[in-house]
Structures are given as structure tokens and as C-alpha cells.
Amino acid sequence: MSWEAVIGLEVHVQLKTAEKLFCPDSTVFGADPNSNVCPVCLGLPGALPVLNQQAVELAVRTALALECRVHRTSVFARKNYFYPDLPKGYQISQFERPLATGGLFSAPHPEGGRVEVRIRRIHMEEDAGKSVHDRLPHATAVDLNRTGTPLVEIVTEPDLRSPEGARAFLQGLKHHLEYLEVSDCNMEEGSLRVDANVSLRRSGTEALGTKTELKNLNTFSGVEKALVLEIERQRAELDDGRAVEHQTLLWDGARGEIRPMRTKEESHDYRYFPDPDLPPLIVEESEVEAIRGQLPEFPQARRLRFQEEFGLPEYDAGVLTATRGLADYFERAAAAVGDGKLASNWVMGPVLQELNQRGLDPKEFPLDPVVLAELVELVQSEVISHRVGRKVLVSVLETGKSPAAIVEEEGLAQVKDEDALEEWVSQVLDSHPDEVQRLQEGEDRLLGFFVGQVMRVSEGKADPKEVSRRLRDAVS
Ligand code: ADP
Ligand code: MG
């Protein structure tokens, strides 16, 4: 009989706030160790937490983006444990009464279709500090800058059935949350972290088997590989008639292996209790509705709309909705150009290339879509060639001048002047006698080569259609 894998994920996402969850220290990444700390996040006696409202807003936004129900009342609790990176001796989290429950999220599966996963709960909590093992010889250092950083924990139902599905879900989730601007979801900087729970059961049965929890999964491929190994391990145990032990395992990405860390603690081990320093968090329905009202169109819906409204292929629509900034830019360009497919060619080609080269966000791209449309018009009406158009785009970015002014000043307009064209064509034909002969003998594809040569000697100013006509005449 075969086994079926059952997987549920716990995803920690750092909310994009400038300040910590209960104090105004900066959340900036990479600051000097222990430079962004204060009595509140250090847990000094008498210091009192004050909840960051921006974090609440982003958490609600996350919950709504995952179709959860946001509860009017949620409660911050203390999760008590000892660890060197936790000076307070407890983490403030939500336990019995989380911010939101009962959501749903789906992501495209690489093999087609979608993986659909129910969201069990989303709660707010603060991050702990960091133990640093590679800074001091023979010692572990502690950096408390992360302490108190606002997180949401997104807990799924055990709805995933394969390591690839888990990875696809995470990729989709990351894209969704980045797009909604609730988090940077940067795994290297720790702003997105995943624990994976997995168990096996006999195919066709319902009851869940004993699960193990995988931690330290610092890349999506790590999640997938660790799950593959752990499923194999559990299968071997069960096939040999042994039971799977309820435990936590660590993924070692460098060695590509998993190691047992500890037998799993139970939630009662943490002695959760409501934090006496924090009142219950009340989020009124009107506030939830206000935040819902500000949600952008979700990327998945926008992608489908781009396909329908502008007649774009699925691939193009996917590229253009990769970030909200790019999708906004494209949409303004499409309106200005008046042709979605044409606008998409320019945005996916030259614009994206310049954005990447300059490491710019589309929001700060200095080429206004209206100016892009002016440039596209110059190319469409054959005042300049496509190739010159790309050059003009770069000049516009560098000088801030209008495309028409650049074409004028640099004399870039296509030359239709008979004499000049004649001169270029004969110059090229004269310098390639062998190719001319082959063309005359019927090797038609050489025409493209000749057009290219003429464009080169004319520095892109010749009108390629006219050049092509003249070349044909000349060799026939
Ligand atoms: P714990 O108390 O160990 O943290 P929870 O019930 O809170 O366990 O669930 C944590 C995560 O583990 C959730 O994402 C849930 O979907 C998943 N999960 C729970 N039971 C199983 C199981 N038997 N197999 C796989 N995943 C599971
Ligand atoms: Mg749990």
C-alpha cells in the first residue's frame, strides 16, 4: 500500500514597518550589532510596550489578502522560554485569540493547475534576537537588533501533498505579499521564514499521522529538498513497522541533510498567558473595511485582466504583474500608447532592460509613460527606426529632454533622401561582392544581412523598408 504525504506550513513574515512592534527602535537590516535596542525590547524592568498601529494595519492587510476573517478582539500573550537571544524570557505573540482565522490562498503549480491551501490562522508576534556563531572565536555573540521586530505568522491547514506543491505555494505567497507591499519577503535577510510540518498516511485514508517539524529552511529549494528527505525517512520507518516520533528536525543546507534537533515541545510547555502589559487588541469592523478598501487589485486577477483587456499572452501578463510598480507603469503606458500589445513590447523590452541595468524600481523610473508613448509614436510613424528608438530612450533617460527634441538635435530622423540611400546601398554592395553573387544566385536570407549592413553604415538612419526595396532592385 502506498503512502500519502501531508504537509502544513508555518510562515513568518516580517511586516514592512520602520519601527518595532512595541517600541520605536528602527527595524533597518544590517545596523551595527545591538545598536537598535531600548529598555522595552531588552525587557528591562518597568519598561512598557506600546503597540505599533502601522504593524496592525499591515497585519490586517495580510489577513485580508489571504481571505481571512479578522477578529474584532485578539489578545497578546506571553510565550515563555529561555534562550540567549530572548532577554525578556518570553516572546509576545498571540495564542488563543489570534488576529485572523479561516483564509484561503492558491498559487500556480509548475505542473499545471493550482495548489489551494486553507489558512488556519494569522497572528501577530515579535521576533527574537539573533545568536551569531561566526563573529567571535570560540564564542557565540548575541545581536538583539531584531528583538521586537513585527511579524505575522501564517499557519496553513495541512492541505499540501507534495514538496513541489509546498514550494509552489511559498513562491506564490511571497509574490502576493511583496505585491501587496506588506513585506519585503527577503529570505536572506530573514524577513520570510518557513517551518514545514509533515506526516504520512495510507493513501485513501483520512486520519493524520504523527508529524515532524522541519526548521532552518532558509531557501525555497531547501524547503523542497528537506521535505523530500523527511518523507523518505518517515516512509522507511513506517515500512519497517516503526512509529514516527513527534520531533523537530533541522535542515542543514550546506550538507543537504536533516538532523534531529529535539523532541517536540507541546504548547502547554510554554505556559502561555495573556500579557498583563497589553490590553486586548481591538480592530473595529470599520477599520477593517477601510483597509479592505485600500487593497489593490490582486496580482492574479490583474494578470488575467491584462490577458483579456490588452490581448496579452499569459507569459507577458505574468512578467508585467511581477511587481505592482511595473504593472502600474505598464498600465499607464498602455493608456498613453493606446495599444496594449505595443506598449507591452516596449515595457518588457527596452524599459525593463533599463530598469534592471539601473537597478531601479518602476515607481522611480524617470521615463514618464506619456513620454514613452511619444517615443513609440515616432517609431510607429517611421520618423525613426526601432533601433534608433532604443537609443533615443536611453538619451531621454540621461538628458531628460523630449524624444522629439533629441531626434531633432542629433539629426536621427530616418533618411528617405534618395541620394543618401543610394550612396549607402552601393557602398555596402561594393564591399561584399561574394555575398552579392550568392544573393543573385537565390540565397535570399542574405537580404537581411545587407539591410543590417546598410543600417550600420547609416548609423540607423536609413529607412529599412526603403533599403530592402533598393537592394532587391540592385541585385535583380
Ligand atoms: P503544533 O502544535 O505542533 O505547532 P499545530 O496543530 O499548531 O501543531 O500545527 C502546526 C502546523 O502543522 C500547521 O500548519 C498544520 O497544518 C500542520 N499540521 C498539523 N498536524 C499535521 C500532520 N499530522 N501532518 C502534517 N502537518 C500537520
Ligand atoms: Mg504551532
Side-chain angles (χ1 to χ4, degrees), residues 2-13 62-63 66-68 74-75 77 79-81 91 93-107 115-125 128 151-170 172-174 177 192-217 220 223-224 226-235 237-238 242-251 258 260-272:
S2 63
W3 299 101
E4 176 181 56
V6 174
I7 300 164
L9 302 174
E10 294 163 287
V11 186
H12 288 90
V13 173
T62 308
L66 301 176
E67 295 182 36
C68 288
S74 57
V75 174
K79 177 180 183 179
N80 300 281
Y81 64 93
Q91 176 196 23
S93 181
Q94 296 183 318
F95 181 56
E96 275 174 350
R97 301 192 66 176
L99 178 74
T101 52
L104 189 69
F105 182 70
S106 76
V115 267
E116 194 171 82
V117 176
R118 289 168 299 155
I119 307 296
R120 179 181 290 179
R121 57 184 276 157
I122 296 182
H123 63 255
M124 299 184 70
E125 63 184 29
L151 309 177
V152 279
E153 180 173 344
I154 302 168
V155 182
T156 78
E157 292 293 343
D159 287 349
L160 291 154
R161 295 292 174 264
S162 72
E164 311 82 65
R167 182 180 185 166
F169 170 81
L170 287 168
L173 182 70
K174 172 172 150 65
L177 298 181
L192 184 128
R193 300 197 297 268
V194 185
D195 299 334
N197 300 270
V198 57
S199 63
L200 296 187
R201 67 181 171 197
R202 292 286 186 193
S203 301
T205 63
E206 284 298 312
L208 295 174
T210 302
K211 74 175 168 79
T212 58
E213 181 167 351
L214 294 164
K215 285 189 176 289
N216 201 34
L217 305 167
F220 289 162
V223 173
E224 186 175 349
L227 281 168
V228 167
L229 288 179
E230 176 56 8
I231 289 168
E232 267 319 302
R233 192 192 67 84
Q234 290 188 16
R235 190 195 311 272
E237 295 285 289
L238 294 167
R242 285 188 297 272
V244 170
E245 196 191 342
H246 188 200
Q247 63 177 330
T248 300
L249 301 127
L250 276 189
W251 165 246
I258 41 180
M261 179 165 97
R262 56 175 188 243
T263 54
K264 178 72 187 176
E265 67 292 337
E266 303 286 338
S267 63
H268 59 246
D269 297 328
Y270 288 116
R271 295 292 186 269
Y272 279 99

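Remember, predicted model here, so these are calculated numbers, not experimental data. In listed order, ligands and their atoms are each counted from 1.
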*Asks:* Could an N or O of ligand 1 be found under 3.5 Å from any N or O of P158, whether backbone or side chain?
*Replies:*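 Yes; at least one N/O pair falls below 3.5 Å.
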
*Asks:* Report the residue from R233, Q247, H246, Q234 that forms a side-chain hydrogen bond (donor to acceptor under 3.5 Å, both in side chains) with T212.
*Replies:*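 By the side-chain hydrogen bond (donor to acceptor under 3.5 Å, both in side chains) criterion, T212 pairs with just one of R233, Q247, H246, Q234: Q234.
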
*Asks:* Please work out which of R118, E213, K211 has its closest non-hydrogen atom nearest to atom 3 (O) of ligand 1.
*Replies:*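 Closest candidate by heavy-atom distance is K211.
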
*Asks:* Treating S2 as the side-chain partner and S203 as the backbone partner, does any N or O pair qualify as donor plus acceptor under 3.5 Å?
*Replies:*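 The answer is no, because no donor-acceptor pair under 3.5 Å joins these two groups.
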
*Asks:* Distance under 4.0 Å to a non-hydrogen atom of T156: what atoms of ligand 1 satisfy this?
*Replies:*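 Listed by number with element, the hits are 13 (C), 14 (O), 15 (C), 16 (O).
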
*Asks:* Is there a side-chain contact between V13 and T62 (heavy atoms, below 4.5 Å)?
*Replies:*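 No - every pair of side-chain heavy atoms lies 4.5 Å or more apart.
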
*Asks:* What I'd like to find out is whether the side chain of L173 reaches to under 4.5 Å of the side chain of L9, using heavy atoms alone.
*Replies:*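 Not touching, per the 4.5 Å side-chain cut-off.
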
*Asks:* So do W251 and L217 actually touch side chain to side chain, heavy atoms under 4.5 Å?
*Replies:*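 Yes, their side chains come closer than 4.5 Å.
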
*Asks:* Would you mind running through ligand 1 and noting each atom that sits below 4.0 Å from a heavy atom of S199?
*Replies:*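 Ligand 1 atoms under the 4.0 Å threshold to S199: 22 (C), 23 (N), 24 (N), 25 (C).
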
*Asks:* Taking distance alone, with no angle check, do N197 and ligand 1 share an N/O pair under 3.5 Å?
*Replies:*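 Indeed, backbone or side chain, N197 has an N or O that close.
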
*Asks:* Show the atoms of ligand 1 that are less than 4.0 angstrom away from any heavy atom in V6.
*Replies:*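 Here the atoms of ligand 1 in question are 24 (N), 25 (C).
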
*Asks:* Check whether any N or O atom of G209, backbone or side chain, sits under 3.5 Å from an N or O atom of ligand 1, and answer yes or no.
*Replies:*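 Such a contact does occur with ligand 1.
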
*Asks:* Which of the atoms of ligand 1 are close to V155, meaning less than 4.0 Å from one of its heavy atoms?
*Replies:*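 In order of numbering, the contacting atoms are 13 (C), 14 (O).
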
*Asks:* Taking atom types as modelled, is there a side-chain donor on E116 or S106 under 3.5 Å from an acceptor on the other?
*Replies:*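 Per modelled atom types, E116 and S106 side chains form no pair under 3.5 Å.
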
*Asks:* Would you call the rings of F169 and F105 parallel, tilted or perpendicular if under 30° counts as parallel and over 60° as perpendicular?
*Replies:*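 Answer is perpendicular, since the angle exceeds 60°.
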
*Asks:* L208 heavy atoms, cut-off 4.0 Å: which ligand 1 atoms fall inside?
*Replies:*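 The atoms of ligand 1 under 4.0 Å from a heavy atom of L208 are 23 (N).
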
*Asks:* Answer yes or no for R201 and W3: cation-pi contact, defined as NZ/CZ to six-membered ring centre under 6.0 Å and angle to ring axis within 45°.
*Replies:*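 Judged by the rule, R201 and W3 form no cation-pi pair.
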
*Asks:* As an exercise, identify every atom of ligand 1 less than 4.0 angstrom from a heavy atom of E157.
*Replies:*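 The atoms of ligand 1 under 4.0 Å from a heavy atom of E157 are 16 (O).
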
*Asks:* Side chain, backbone, both or neither: which part of L9 comes within less than 4.0 Å of ligand 1 when only heavy atoms are counted?
*Replies:*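 Near ligand 1, L9 shows its backbone, while the atoms from C-beta on stay back.
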
